[in-house]
Amino acid sequence: DFMLSETDNILNKTYLTKSEAIELFRNYIQEHIKRYKYVDITDYLKEVCFLQLQPTGKSQSVIVEMVEEIIRIDYGLNLADYASYPKKLFIYFDDVLITGGTLLKDLSVWLNEDNRIKAINNKEIILEINLIVEHRLGLEMMLFQLERFKCPGLNIKNIQIWHFYEVENHMKLPYTLGGQKLNAVAIPVKDSLSQEAISYWESLSADRHAEYAFRPENRPLVEEYFTSAENRIRFERILIEKGLYIINQIQGVVKPNIRPLGFIYPSYKTLGVGSLFFTWRNVPNNAPLVFWWDVPGHNWKPLFPAKRG
């Protein structure tokens, strides 16, 4: 079966297990100590603060708990014992940044409190954003919004960014015309789509960023994530056709952020984000609907039933 074999190929490259995540953060702590030139783990723990700005149960608290457990097992130390020390290094963890909306909301509040913008600009404190998976387009747009509109005066270059995986989905960056992989993301070729899909896209009331909706047929130059360039086109076309089938089952008004390739800002004239990176913990709603849509009464059984909250 084509879809089964192609999905299996993708998941072998883009699915992160819990044990793999633990090893990533175990190595991260070691590298972090070296990067910021701390003498040892206790010196590090005195100054580091793992921010918890998201609600309990969200990905941030899950990652912080994982890091705390690593510190306890590997070093025999309790993070809570160092909570009273004055902090200089602040870490914002998240699993998958796609549009950047959550991070933008959280940091907009945090940065505008206690004169932190000035402290970061003067390099009195350090803010680091740590992401398991970074979608390049979402990161670029989030940083632009943060500096230009949410945190006036902030020098965005002073914020440190750390990611373990990067999804290259920014179609307008210069390297897109060279070797960009367009990895772990579904961005269709317009001419390959059905008339139904084209008509759906044209009918969207959105009026921004239509240039991100499609990719040239010859991009990426070298196909590394799908079994072939031709199979990528076929796979993306099926995702959209089945996504439209799901949308057509929705009774009543369809929310404008729901698209065949996953949720997106309502003002964006695209078929969805199309993220194809999944973790042990959850599947993002910015992934194609076929992977996670699970609504009672709909004739659809997803591969990854979504867990929200």
Side-chain angles (χ1 to χ4, degrees), residues 7 10-11 13-16 54-55 58-60 62-63 93-106 129 131-145 163-172 181-188 197 200-201 204 206 208-215 225 232 235-236 238-244 246-247 250 254-295 300 302-309:
T7 300
I10 293 169
L11 292 179
K13 300 170 182 175
T14 63
Y15 183 84
L16 184 72
Q54 297 178 5
K58 293 291 187 179
S59 58
Q60 188 169 78
V62 172
I63 294 172
F93 287 122
D94 207 357
D95 55 355
V96 183
L97 181 147
I98 299 181
T99 64
T102 298
L103 199 154
L104 179 65
K105 174 176 65 68
D106 290 343
I129 298 170
L131 308 164
I132 294 179
V133 185
E134 164 203 310
H135 287 64
R136 183 63 183 270
L137 177 60
L139 178 68
E140 295 286 339
M141 290 190 168
M142 184 280 298
L143 292 175
F144 175 81
Q145 292 281 333
H163 65 261
F164 298 111
Y165 300 95
E166 181 180 51
V167 177
E168 299 172 349
N169 66 330
H170 198 322
M171 293 296 296
K172 292 178 69 176
K181 299 174 183 178
L182 294 179
N183 59 316
V185 66
I187 304 176
Y200 166 82
W201 176 75
L204 292 172
R208 299 178 60 205
H209 300 308
E211 67 273 19
Y212 295 116
F214 307 106
R215 63 181 175 86
Y225 276 78
R232 178 179 192 144
F235 187 82
E236 291 170 336
I238 294 172
L239 291 181
I240 292 169
E241 290 174 355
K242 297 304 181 181
L244 287 173
I246 291 171
I247 290 174
I250 298 175
V254 178
K255 294 181 179 179
N257 64 326
I258 301 176
R259 310 286 171 84
L261 293 180
F263 287 12
I264 188 69
Y265 289 123
S267 61
Y268 285 24
K269 195 177 181 68
T270 77
L271 294 168
V273 173
S275 176
L276 297 175
F277 205 107
F278 310 102
T279 74
W280 84 99
R281 185 180 170 273
N282 206 357
V283 53
N285 58 21
N286 310 97
L289 300 183
V290 299
F291 289 113
W292 62 269
W293 189 266
D294 190 14
V295 175
W300 191 262
L303 181 61
F304 300 109
K307 177 178 65 176
R308 304 294 175 217

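Values below: all heavy atoms of this structure, side chains included; hydrogens, waters and symmetry mates excluded.
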From [X] [atom1] over to [Y] [atom2], what is the distance, rounded to the nearest 0.5 angstrom?
X	Y	atom1	atom2	result
Met142	Leu103	CE	CG	4.5 Å
Tyr225	Asn183	OH	CG	4.0 Å
Leu139	Ile129	CG	CD1	7.0 Å
Leu204	Ser267	CG	OG	11.5 Å
Lys255	Ile247	NZ	CD1	13.5 Å
Leu244	Leu239	CG	CG	11.0 Å

Any non-hydrogen side-chain atom of [X] less than 4.5 Å from a side-chain atom of [Y]?
X	Y	value
Leu261	Ile240	yes
Glu166	Arg136	yes
Gln145	Glu140	no
Leu11	Leu303	yes
Phe235	Ile10	yes
Glu134	Leu131	yes
Leu16	Tyr165	yes
Ile258	Ile250	yes

>> Looking only at the side chains, is there a donor atom on one of Asn286 and Ser275 sitting less than 3.5 Å from an acceptor on the other?
In response: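 On atom types as modelled, these side chains do not qualify, holding no pair under 3.5 Å.
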[Y] backbone acceptor or donor facing [X] side chain under 3.5 Å:
X	Y	answer
Gln54	Gln60	yes
Lys269	Ala213	no
Trp300	Val290	yes
Arg215	Pro188	no
Thr99	Gly138	no
His135	Leu97	yes
Arg259	Thr270	yes

> Partners of Pro256 by side-chain contact (heavy atoms from CB on, under 4.5 Å), sequence neighbours excluded?
Replying inline: Pro266
> Given the rule in the side chain to side chain contact (heavy atoms under 4.5 Å, CB included) test, do His209 and Met141 qualify, once you have shown the distances and angles that lead to the verdict?
Replying inline: CA-CA 12 Å; His209 300 308; Met141 290 190 168; 3.6 Å; yes
> At their closest point, which heavy atom of Asp294 faces which heavy atom of Pro302, and how far apart are they?
Replying inline: CB-CG, 3.7 Å
> At their closest point, which heavy atom of Ile98 faces which heavy atom of Val273, and how far apart are they?
Replying inline: CG2-CG1, 3.3 Å
Would the [X] and [Y] ring centres measure less than 6.0 Å apart?
X	Y	result
Tyr15	Trp280	no
Phe278	Phe291	yes
Trp292	Phe263	yes

> How are the rings of Tyr268 and Tyr265 set to each other: parallel, tilted or perpendicular (split at 30° and 60°)?
Replying inline: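 Taking Tyr265 first and then Tyr268, their aromatic rings stand perpendicular (interplane angle over 60°).
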> Would Arg281 and Val62 count as a side chain to side chain contact (heavy atoms under 4.5 Å, CB included) if you check the C-alpha gap in whole Å, the side-chain angles of each, and the deciding distance to 0.1 Å?
Replying inline: CA-CA 9 Å; Arg281 185 180 170 273; Val62 172; 3.4 Å; yes
>> Under the criterion side chain to side chain contact (heavy atoms under 4.5 Å, CB included), I'd like the reasoning laid out for Val185 against Leu276: C-alpha separation, chi angles, the key distance, then a yes or no.
In response: CA-CA 5 Å; Val185 66; Leu276 297 175; 5.6 Å; no
>> Please determine whether side chain to side chain donor-acceptor pair (under 3.5 Å) holds for the pair Ser59 and Asp94, giving the CA-CA distance in whole Å, both sets of side-chain angles, and the decisive distance to 0.1 Å.
In response: CA-CA 6 Å; Ser59 58; Asp94 207 357; 2.5 Å; yes
